[in-house]
Amino acid sequence: MSTDTFITAAPTDGLPLPQRYRSMAVILLGISMAVLDGSIVNLALPGIVRDLHAHAATAVWVVTAYQVATLVLLLPCAMLGDLVGYRRVYLSGLFLFTTASLGCAFSPTLPALVVARTLQGLGAGALMSVNSALVRLTYPRHQLGRGIALNSFVVATASVAGPSIAALVLSIASWPWLFAVNLPLGVVVMVLGLRALPRNVAPAREGLRLSPLDVALNVLMFGLVFLGADSLGTHFAGSSTWLRPEASALLIACGIAVGVLYVRRQQREATPLFPLDLLQIPVFALSMCTSVAAFAAQTLAYVALPFLMLEAWGRSHAVTGLLITAWPIATVMTAPLAGRLIGRVADGLLGAVGLGLFAGGLALLALLPAAPGNADVAWRMALCGIGFGLFQSPNNHTIVTSAPHSRSGAASGMLGTARLTGQTFGSVLLALIFAAFGAHSAHGPSIALAFAAAFAAVAGTFSGMRLRAAGAGPADLHRAASP
């Protein structure tokens, strides 16, 4: 029996209460699990190497396999959601993610763990691909900003909470429990999802199809570029890697060549897998550029700051952790305000103001003297968090609502793709900066923070350009969102 029989179709303007609350609980729990598992195993790598008798260099694949699998499946699963329903894709991804978590917990060897993590990443890709599309179906249009702000808040919190949760679990249990905890939670979320998640309200666009060749080209393009960039960045950071720099560069070149072929094929499609049709919408394209540049800035800063505080300033791990925490706390506190302002203030203006604050905070951190006080660091970190929190929800709102309802899945997939692309670019650039200027003095991290401030300023410029592209502001976005 189809699971559709358990669901009442969503009205055209969101779900009624209390089904809306149940739907959001499912959406937020699922995306939290997917985002957390991207970073939760980092602290466990030494234990995994010891218990599975593996080499430290190859253990990095436990993290890389998950990230690559997630990235390459975002757009295919997003289109599949447009075709067969976002709820079906979400629940299928949740089932695969939960089942693969069981495989991770009981993996007897490192290769088995990497395979299980790959499957887990594929499930996470399905979850992330339709996450925002389901939020759009869950909330009525006049409250959608609140739903997207809540979703953005949970994603931001989960993305920085991984190491803390891992430390808590590892303090009382062994590393397999990092995966085992997903099992009961995954089952509960799946049962709730069968009864609460909405179905698509708009029929699939005529002529929409999922070509196996296009899926293969999408996987190759993102996979080759990501693997090459990751290996190259690891090499320049001074760590052992599985490829020589020449081979890493060749992977990137091959990925770009595949991408050229892929995009040329997509130009002939009325509804392409790589959503060139959405990128022709000015506010959508500018929002994507805003997201990529902002997440590159975030990654540059987030990875450089611990080096600056621990190595250059001589702060302890405890003090460093507390100082860095000022950033996510400020983001969490700002997210509700950003949600309330969506619809009242143009998204482009909110994003530009937020990214201006973000760039200012990063520049002030880069210009700190050799021995700053903790208060001087903390308020600058908080300024970064406030700016990032003010930008993220309005930017996501524009990405989701500037697409027609029948292409909500594609917009949702591109949102995740932009985030992961920006983070990957930021990681590679940071490795190059550290290779050129060093990581153990203030010089290299400060230069990285200066680059982060520049990227944040570029992102703010893209956001401000949306004001002209959108005309009068929010009303234009709603017109662009109509099928």
Side-chain angles (χ1 to χ4, degrees), residues 74 132 145 148-149 152 155-156 263 274-302 331 334-335 338 341-343 345-363 383-403 410-430 448-481:
L74 283 172
S132 298
I148 290 177
S152 301
V155 171
V263 170
F274 189 83
L276 298 174
D277 55 328
L278 297 184
L279 291 172
Q280 292 176 359
I281 301 173
V283 290
F284 185 92
L286 289 169
S287 299
M288 291 296 296
C289 293
T290 301
S291 189
V292 170
F295 279 105
Q298 183 202 42
T299 300
L300 277 166
Y302 241 67
T331 299
T334 306
L341 290 175
I342 291 175
V345 181
D347 291 348
L349 179 58
L350 280 175
V353 171
L355 289 163
L357 295 174
F358 184 36
L362 291 170
L383 183 61
C384 291
I386 291 170
F388 199 83
L390 198 58
F391 131 79
Q392 191 174 15
S393 297
N395 194 70
N396 291 353
H397 179 261
T398 301
I399 291 174
V400 172
T401 59
S402 59
S412 182
M414 285 295 281
L415 195 154
T417 301
R419 177 170 59 87
L420 290 173
T421 300
Q423 289 171 344
T424 302
F425 182 77
S427 297
V428 174
L429 180 57
L430 181 68
L449 288 171
F451 270 90
F455 273 100
V458 169
T461 302
F462 281 127
S463 185
M465 291 169 63
R466 292 183 298 180
L467 294 171
R468 178 175 297 179
D476 294 84
L477 298 183
H478 290 312
R479 286 195 293 273

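Numbers here simply count residues along the sequence, with the first being 1.
Taking every heavy atom of both residues into account, Phe462 and Thr290 meet most closely at CB-OG1, 3.3 Å. For the pair Ala457 and Ala359, the tightest heavy-atom approach, listed with the atom from each and the gap, is N-CB, 3.9 Å. Listed here is the closest heavy atom pair of Ala452 and Ala297: O-CB, 3.2 Å. The shortest heavy-atom contact between Ala418 and Met288 is CB-CE, 3.4 Å. Across every non-hydrogen atom of Gly360 and Leu383, the tightest pair is C-CD2, 4.3 Å. A pairwise comparison of heavy atoms in Leu357 and Gly387 identifies CB-CA, 3.9 Å as the closest pair.
Contacts of Phe358 classified as ring-ring contact (aromatic ring centres under 6.0 Å, His included), with partners at least two apart in sequence or in another chain: Trp327, Phe388.
Counting only residues at least two apart or in different chains, salt bridge (charged side-chain N to carboxylate O under 4.0 Å, His left out) contacts with residues 410-428 are absent.
In this structure a side-chain-to-backbone donor-acceptor pair under 3.5 Å is missing from Ser132 to Ser412. Remark: the backbone N or O of Ile386 is not paired with any side-chain donor or acceptor of Thr331 at under 3.5 angstrom. The main-chain N or O of Gly389 is never found under 3.5 Å from a side-chain atom of Ser393 such that the two would form a donor-acceptor pair. Of the possible donor and acceptor atoms, one in the side chain of Thr299 sits under 3.5 Å from a partner among the backbone N and O of Phe295.
In this structure, Leu420 and Leu74 have side chains that are in contact, with non-hydrogen atoms separated by less than 4.5 Å. For the pair Ile399/Phe284, a side-chain contact is recorded, criterion being any heavy-atom separation below 4.5 Å from C-beta on.
Within the model, atoms CD of Gln392 and CG of Leu355 stand 10.5 Å from one another, a figure rounded to the nearest 0.5 Å. To the nearest 0.5 Å, the span separating CG on Leu300 from CZ on Phe425 amounts to 8.0 Å.
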Show which side-chain atoms of residues 276-283 pair as donor or acceptor with protein atoms under 3.5 Å away, not counting sequence neighbours.
residue : atom : partner : partner atom : Å
Asp277  : OD1  : Arg407  : NH2          : 2.9
Asp277  : OD2  : Arg205  : NH1          : 3.3
Asp277  : OD2  : Arg407  : NE           : 3.0
Asp277  : OD2  : Arg407  : NH2          : 3.4

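Each of Asn395, Val400, Asp347 was compared with Ser287 under the side-chain contact (heavy atoms from CB on, under 4.5 Å) criterion, and only Asn395 meets it.
For OH of Tyr302, the number of neighbouring non-hydrogen atoms (other residues, nucleotides, ligands) closer than 6.0 Å is greater than 12.
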